[in-house]
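We're numbering straight along the sequence, starting at 1.
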Amino acid sequence: MTNTWRFFQPRKPPPLPPRGEKWGGLLRPATFVSLGIAVVLVVAVVIGLSVSRSTAPTTLEGVTAEVMTEVDAITEILQAPDAAADPALGAPADSTSLDPCPDDGPGEQFTITRVIPLPATARPADLTQAVADAYTQREWSVRTDSSGNEGGLSTQLLGKNLIPVQLTITPNTDTAAAPALTATIRSSSRCTSAP
């Protein structure tokens with residue numbers, strides 16, 4: 001004698017409609033499996049297209065402009081003095097380079113270093129905080145550390161566009177004629193696409 005005691009009685013699936021009835025042929029498991037596969041394929045194609053269509057520039061002119069925009073924005077926040085207004089300080093000086101991509105790919109990477117002389121009245125902590133506040137509002141990653149033993153500050157910025165920018169403000173104690181503070185902005189672009 002078999003034991004048929006159960007907590008719940010087994011239930012039979014509802015019967016499928018006869019073949020002659022309207023919609024009868026569509027209400028089969030194979031139809032739902034095919035529909036599920038089609039939906040998954042459509043979603044995968046839409047996600048693939050949205051990821052592959054990047055708005056990030058890939059030409060040398062585009063990546064250069066992207067980096068220069070951020071360097072110019074930080075220069076404006078720092079309120080770099082005009083060389084004509086204060087000839088003793090001098091104008092900001094840029095040095096640029098074009099290097100192969102770090103991943104040994106076929107593209108190139110643009111790098112800029114801008115050195116800005118600042119007046120003695122400028123305070124490194126206030127300047128660093130102004131830059132950090134501006135970029136925090138733009139939802140960038142901001143990290144500030146002390147730099148060297150002379151009371152300098154270094155700020156690393158990283159945006160959603162994955163462009164790293166480093167700002168270092170250091171006191172200059174070499175000569176009395178030199179500017180009291182120097183701000184150095186350094187940034188490297190993303191790699192260009194293969195030519």
Applying side-chain contact (heavy atoms from CB on, under 4.5 Å) to L118 and T182, what does each step give before you reach the verdict? CA-CA 6 Å; L118 297 173; T182 302; over 6 Å; no
Pair D145, Q156 - check side-chain contact (heavy atoms from CB on, under 4.5 Å), show working.
CA-CA 9 Å; D145 301 310; Q156 288 79 31; 3.6 Å; yes
Could you go step by step and tell me if Q137 and D133 meet the side-chain hydrogen bond (donor to acceptor under 3.5 Å, both in side chains) rule? CA-CA 6 Å; Q137 288 179 358; D133 291 345; over 6 Å; no
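Residue pairs meeting the salt bridge (Lys or Arg N to Asp or Glu O under 4.0 Å) criterion with at least one partner in residues 117-127, sequence neighbours excluded, are R123-D126. Among residue pairs with one or both ends in residues 114-142, those qualifying as ring pair (Phe, Tyr, Trp, His ring centres under 6.0 Å) are Y135-W140; sequence neighbours excluded.
Judged purely by distance below 3.5 Å, without hydrogens or angles, the side chains of T144 and T155 pair a donor atom with an acceptor atom.
Summarising the geometry of A183 relative to L78, their closest heavy-atom pair is CB-CD1, 3.8 Å, with the distance given to 0.1 Å. The shortest non-hydrogen separation linking T168 to S154 is OG1-OG, 3.7 Å. Contact record, P171 with L181: CA-CD2, 3.7 Å, taken as the closest heavy-atom pair. Here the closest non-hydrogen pair linking I163 and S188 is CG2-O, 4.0 Å. When all heavy atoms are compared, the tightest approach of V165 to S187 is CG2-OG, 3.7 Å. Residue A122 comes nearest to L127 through the heavy atom pair CB-CD1, 3.8 Å, listed as atom of the first residue, atom of the second, then distance.
F110 and V115 sit in two unconnected hydrophobic clusters of ILVMFWY residues. Membership requires side-chain heavy atoms under 4.5 Å apart, directly or through other members. V63 and L158 fall into different hydrophobic clusters, where Ile, Leu, Val, Met, Phe, Trp and Tyr side chains are chained together by heavy-atom contacts under 4.5 Å. Note on V131 and M68: same hydrophobic cluster, where clusters join Ile, Leu, Val, Met, Phe, Trp and Tyr whose side-chain heavy atoms are under 4.5 Å apart, directly or indirectly.
Looking at heavy atoms from C-beta onward, L167 lies out of side-chain contact with L157 at the 4.5 angstrom threshold. Looking at D99 and T111, their side chains come closer than 4.5 Å, going by heavy atoms from C-beta outward. Side-chain contact between I37 and L41: present, with at least one pair of heavy atoms (C-beta onward) separated by less than 4.5 Å. Side-chain contact check for I116 versus I185: some heavy-atom pair is nearer than 4.5 Å. For the pair C191/P102, a side-chain contact is recorded, criterion being any heavy-atom separation below 4.5 Å from C-beta on. You'll find the side chain of L98 reaches within 4.5 Å of the side chain of L60, heavy atoms only.
A salt bridge links R138 to E70: at least one charged side-chain nitrogen sits closer than 4.0 Å to a carboxylate oxygen.
Partners of D94 according to the salt bridge (charged side-chain N to carboxylate O under 4.0 Å, His left out) rule, which considers only residues two or more places apart in sequence or in another chain, are R114.
Expressed to the nearest 0.5 Å, how far CZ of R186 lies from CD of Q166 amounts to 8.5 Å.
Looking only at distances, a side-chain donor or acceptor of T192 sits under 3.5 Å from a matching main-chain atom of E108. Within the 3.5 Å criterion, the main-chain N or O of S189 finds a donor-acceptor partner in the side chain of Q109.
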